[in-house]
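A short worksheet on the structure shown next.
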Amino acid sequence: LLQRASIALFGPAEAVTQLVVDSSRGLLFALSSLSTITVFHLPACRWNSSGCLEEPPLVQLCSISQAAIAAEVGRIKGRLFPGLVPVSSRGLNPFGAVAAATGLSALPPRLVKLLAIGRAQGGNVVACIVAEDGTRIFIRAVFRTSATSQAQPASDALGASPLNVQ
């Protein structure tokens, strides 16, 4: 069943390598073999009028590719270290000189671990992603409460551009 869901979500060339739940926010994170992060909302189960438990389907909120994360890491490094030569002109990946020093390719390192960060610990930081070179990337979400979700105070809705790499 998980393999069929993985193929339906990511395609046959990509597989789910890790699933992580943040129960404090009702979020499910999926890390794929091609380093794509997909975020789902886990709607709360409810009892219907006939006393049966209804389990609503997952709602996909967003998907973040490895390339998008690498671009954001490069942008942040450029803001932190403005005097350095831009990454694109050096031919290095945006994660740093590790690739050059070790002879690795100029591609960004694979994302190998995903850690959910609960609401009490992280505030608006929802996850930490660890790359194979040890780089930690913190994912921040912008939560918006819509008129329809006000009936469910524990349920937050993510905005249109939900995740920002920090």
[X], [Y]: one ILVMFWY side-chain cluster at the under-4.5 Å cut-off?
X: Val21; Y: Val16; answer: yes
X: Leu61; Y: Ile69; answer: yes
X: Leu115; Y: Leu111; answer: no

CA sep, side-chain torsions, deciding dist, call: Gln66, Leu34, side chain to side chain contact (heavy atoms under 4.5 Å, CB included): CA-CA 7 Å; Gln66 180 186 29; Leu34 296 180; over 6 Å; no

Shortest non-hydrogen separation from [X] to [Y] and the atoms involved:
X: Thr36; Y: Ser63; result: CG2-OG, 3.3 Å
X: Ile117; Y: Arg25; result: O-NH1, 2.6 Å
X: Ala30; Y: Leu19; result: CB-CD2, 3.7 Å
X: Arg110; Y: Ser35; result: CA-OG, 3.5 Å
X: Ala13; Y: Ser33; result: O-OG, 4.2 Å
X: Arg136; Y: Cys128; result: CG-SG, 3.6 Å

Testing Leu27, Leu28, Asp22 one by one against Leu42 for a side chain to side chain contact (heavy atoms under 4.5 Å, CB included), which residue passes? Leu28

Which residues satisfy the side-chain contact (heavy atoms from CB on, under 4.5 Å) test with [X], sequence neighbours excluded?
X: Leu114; result: Gln18, Val20, Phe29, Leu31, Ile37, Ala127, Ile129
X: Glu55; result: Cys45, Leu53
X: Ser50; result: Asn48, Cys52
X: Pro43; result: His41, Pro56, Val59

Whether the side chain of Arg119 engages the backbone of Ser24 through a donor-acceptor N/O pair (distance < 3.5 Å, no angle test) should be reported. yes

